[in-house]
Structure formats: structure tokens, C-alpha cells
Amino acid sequence: MRGLFERHIQLTGKVMDLRLQRQNLVTANIANVNTPGYKAQSLEFEEKLQSALNQNALGKMTRTASDHMPTEFSTAGFKGDGLEAFKAREIHGQDSVNLDKEMAENAKNTMMYNALSSIIKKNFQGMTKVIQEGSK
Amino acid sequence: MDFMTAMDISSSGLKAQRAQLNVISMNMANIRTTKTADGGPYQRKSVSFESTPVYSPFAQEMHDQLNRDLHGVKVLGVTADQRPFKQVYEPHHPDANDLGYVTYPDINVVEEMTNMMQAMRGYEANVQTIQAAKRMFQKALMIGNG
């Protein structure tokens, strides 16, 4: 069913949520840059999300009854995989966290988050435009 | 999972790096100190860090697996370095022993400066993450005012 708010707005919101989660993990990694024995953590969701979204593209299963499980992707239950580094880096003279990687991840994540928020904003702007112009 | 969590973690990082900087300053200031309250020359100090859970045990149970594992950092303690003191021959020094030797703390300026740079860069990295979280928060607020 097509509503006023299209499905991709919810999807964009979900991805923003996941990016915020990733931001928190990256922040924790950076804060622990000098902590010996700390295991860096990361959040992976892109591939899983892609394949979850592709459920529709591959063709829906025929539902013979309305009680059957729907195949359509729903943002509510989707979760990324939290990964913990296999082992802590404890080589003398090396930080326990790869700071370069984490800072790059931090910048990348912020940029993507900001881009997504712009996309949502544009969505709403477009919607407002349609409502306002339609009445003229 | 919210923005305040990111800020809390970064601030714990800032606090830890600042503590390290304080200790490094103390080492540098006392590089030629031959007398302390405990007697004997100043002993070099170093800081050790430990990662610490962000949430309280109750809040931790309420979160999912990912958020439960979020760790900030805290200063575990300041330990005295056990490296031996330097003996310098200075017979006219008031603290010289019978043979004319003065015991000085063995503090390496290069080592301390290196640690200082490391603490500084760590501090800067944490500031960057706070700024990133703030930018993201601002952007999220902008969604509403289309």
C-alpha cells in the first residue's frame, strides 16, 4: 500500500540509526587508543541490508493466506552484525587500535550520515511542495 | 544508542589523555628533583589505562549485544617506575653522599616528549569524534525544518 510516507524514508531512517550505532563503536575505539589489550569493534550491515532488500527484487513468494509470513523487507527487525577484533594487538610499540583506520571511518560515517539526513530533508521538502502546489 | 553515548565515551577519552599529560608534566618538572617527602629522589610515574563499560549494569541489561559492549576508558592508576636512579658525581651538591655522588631520577626527556605527543594526538582524536557527533546531531535536527 502506498501511503503518504514512502517506504524509502523509513529505510533511510534505519540506515541513519545503524550509522549512529557505528559512530558510537568508532568513538569507543578512538577513546581506547592507548588502552592495552582493548579489542577494536566494528559494525557491518551494508551487505546484509542489500541482500535483505533484494528479497523483493528476486520475486515475492506467493502468499496463499494473509496470516503467512510476508516477504517484504521491514526496517523494524533489521540489525547489523557487531564484530569484535579477533585478538587485541599487544605488540610493543603498537597501539591497540588502528587510529588511522578509525579516524577515516569516523569521517566517512559522519559524511554518510549527513548525506542521508539531507536526503530525508529533501524528501519532506518535495512532499511539502506537492501539497502546496497541488492546491493552486 | 544515542548521540550522548558518543559524547560520554569521547569525554572519558579526553579525561584519560589529560591525566596522562598531567603525569608527564610532573615527570618533566621533577627531572632534577633530589628530595621528596618520601625521602630520596623523585621517582618517575606512569599512567595505565583500562577500558570501562559505558552503561550502568542495569542499563546494560536493557540494551542489545552491540551496545552492551561499548567501552569508554578510565585511568586505572598511576604507578611509580622502578628503574634505578642515576648517580652523578657532584661533590658540592647539598645532597651529595660521602663519595660525592648525587642520585637523580632517571627521566629521559625524549621519552617524555614522545609520550606527550602521543597523549596530545589522542586528545585531538577524541575532540574530532565529539565534533563529528555534534555535526551529526545538528544534521538530524535539520530534518524537521524542511
Side-chain angles (χ1 to χ4, degrees), chain A residues 9 12-13 16-43 79-84 88 95-97 99-100 102-103 105-129, chain B residues 1-17 20 47-54 63-76 114-115 118-119 121-146:
Chain A
I9 292 184
T12 317
M16 279 175 83
D17 259 358
L18 288 163
R19 292 225 168 255
L20 177 57
Q21 211 168 357
R22 181 181 280 174
Q23 185 73 14
N24 280 341
L25 286 176
V26 168
T27 306
N29 289 344
I30 292 175
N32 281 296
V33 71
N34 286 334
T35 312
Y38 176 79
K39 285 181 187 173
Q41 295 176 51
S42 62
L43 175 72
K79 257 190 200 169
D81 294 326
L83 301 175
E84 200 170 66
D95 296 325
S96 44
V97 175
L99 189 64
D100 308 273
E102 299 297 339
M103 287 309 280
E105 194 63 49
N106 177 42
K108 208 161 65 181
N109 204 39
T110 311
M111 274 158 62
M112 285 300 284
Y113 186 92
N114 293 349
L116 286 170
S117 82
S118 302
I119 288 174
I120 291 197
K121 200 178 155 194
K122 282 270 185 276
N123 260 320
F124 285 124
Q125 273 173 351
M127 211 181 287
T128 317
K129 191 150 203 159
Chain B
M1 181 193 61
D2 52 26
F3 287 101
M4 302 312 143
T5 310
M7 303 281 237
D8 286 346
I9 299 170
S10 303
S11 71
S12 78
L14 290 176
K15 201 173 141 195
Q17 302 295 348
Q20 192 180 9
V47 190
S48 54
F49 295 139
E50 185 191 40
S51 66
T52 176
V54 180
H63 280 94
D64 64 7
Q65 193 59 48
L66 256 183
N67 289 302
R68 226 175 281 163
D69 280 348
L70 276 180
H71 275 68
V73 60
K74 75 168 181 201
V75 176
L76 185 63
T114 316
N115 288 342
Q118 197 186 11
R121 296 289 170 254
Y123 193 86
E124 282 169 8
N126 280 302
V127 171
Q128 291 287 338
T129 56
I130 288 187
Q131 277 173 349
K134 275 163 69 182
R135 273 201 299 275
M136 285 165 76
F137 192 56
Q138 286 296 335
K139 278 284 178 181
L141 285 180
M142 294 299 279
I143 292 173
N145 44 10

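Order of the sequence lines sets the chain letters (A, B, ...), proteins ahead of strands, with each chain counted from 1.
The OG atom of A:Ser117 sits 12.0 Å away from the CZ atom of B:Arg135 when rounded to the nearest 0.5 Å. Here the CD atom belonging to B:Gln128 is positioned 14.5 Å from the CD atom belonging to A:Glu102, to the nearest 0.5 angstrom. Note that NZ of B:Lys74 is 11.5 Å distant from OG1 of A:Thr35, once rounded to the nearest 0.5 Å. Rounded to the nearest 0.5 Å, atoms OG1 (B:Thr5) and CD (A:Gln23) are 11.5 Å apart.
Closest approach of A:Pro36 and B:Phe49 over heavy atoms only: CD-O, 3.8 Å. Summarising the geometry of A:Lys121 relative to B:Met142, their closest heavy-atom pair is CD-O, 3.3 Å, with the distance given to 0.1 Å. Residues A:Asn24 and B:Ala6 share a closest heavy-atom pair of OD1-CB, 3.1 Å. A:Ala28 and B:Leu70 get closest at one heavy-atom pair: CB-CD2, 4.1 Å. The heavy-atom pair separating B:Gly13 from A:Ala31 by the smallest distance is CA-CB, 4.1 Å. Here the closest non-hydrogen pair linking B:Ala125 and A:Ile30 is CB-CG2, 3.7 Å.
For chain A, the option among B:Ser48, B:Ser51, B:Ser11, B:Ser10 with the highest count of heavy-atom pairs below 4.5 Å is B:Ser51. Options A:Asn29, A:Asn106, A:Asn109, A:Ile120 differ in how many heavy-atom pairs under 4.5 Å they form with chain B, and the most are formed by A:Asn106. Looking only at heavy-atom pairs under 4.5 Å with chain B, the residue among A:Thr27, A:Asn123, A:Leu116, A:Ile119 that has the most is A:Thr27.
Only the side chain of B:Gln17 has a heavy atom closer than 4.5 Å to any heavy atom of chain A. Contacts of B:Glu50 with chain A are made by backbone atoms alone, with heavy-atom separations under 4.5 Å and no side-chain atom involved. Proximity to chain B (any heavy atom under 4.5 Å) is restricted, for A:Met16, to the side chain, taken from C-beta onward.
With hydrogens and angles ignored, the 3.5 Å screen pairs a side-chain donor or acceptor of A:Asn32 with a backbone N or O of B:His71.
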Walk me through whether A:Thr110 and B:Lys139 qualify under side-chain contact (heavy atoms from CB on, under 4.5 Å). CA-CA 10 Å; A:Thr110 311; B:Lys139 278 284 178 181; over 6 Å; no
Any chance you could lay out the side-chain contact (heavy atoms from CB on, under 4.5 Å) test for A:Val33 and B:Gln118, step after step, and finish with the verdict? CA-CA 10 Å; A:Val33 71; B:Gln118 197 186 11; over 6 Å; no
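Between B:Gln20 and A:Asn34, some side-chain heavy-atom pair lies under the 4.5 Å cut-off.
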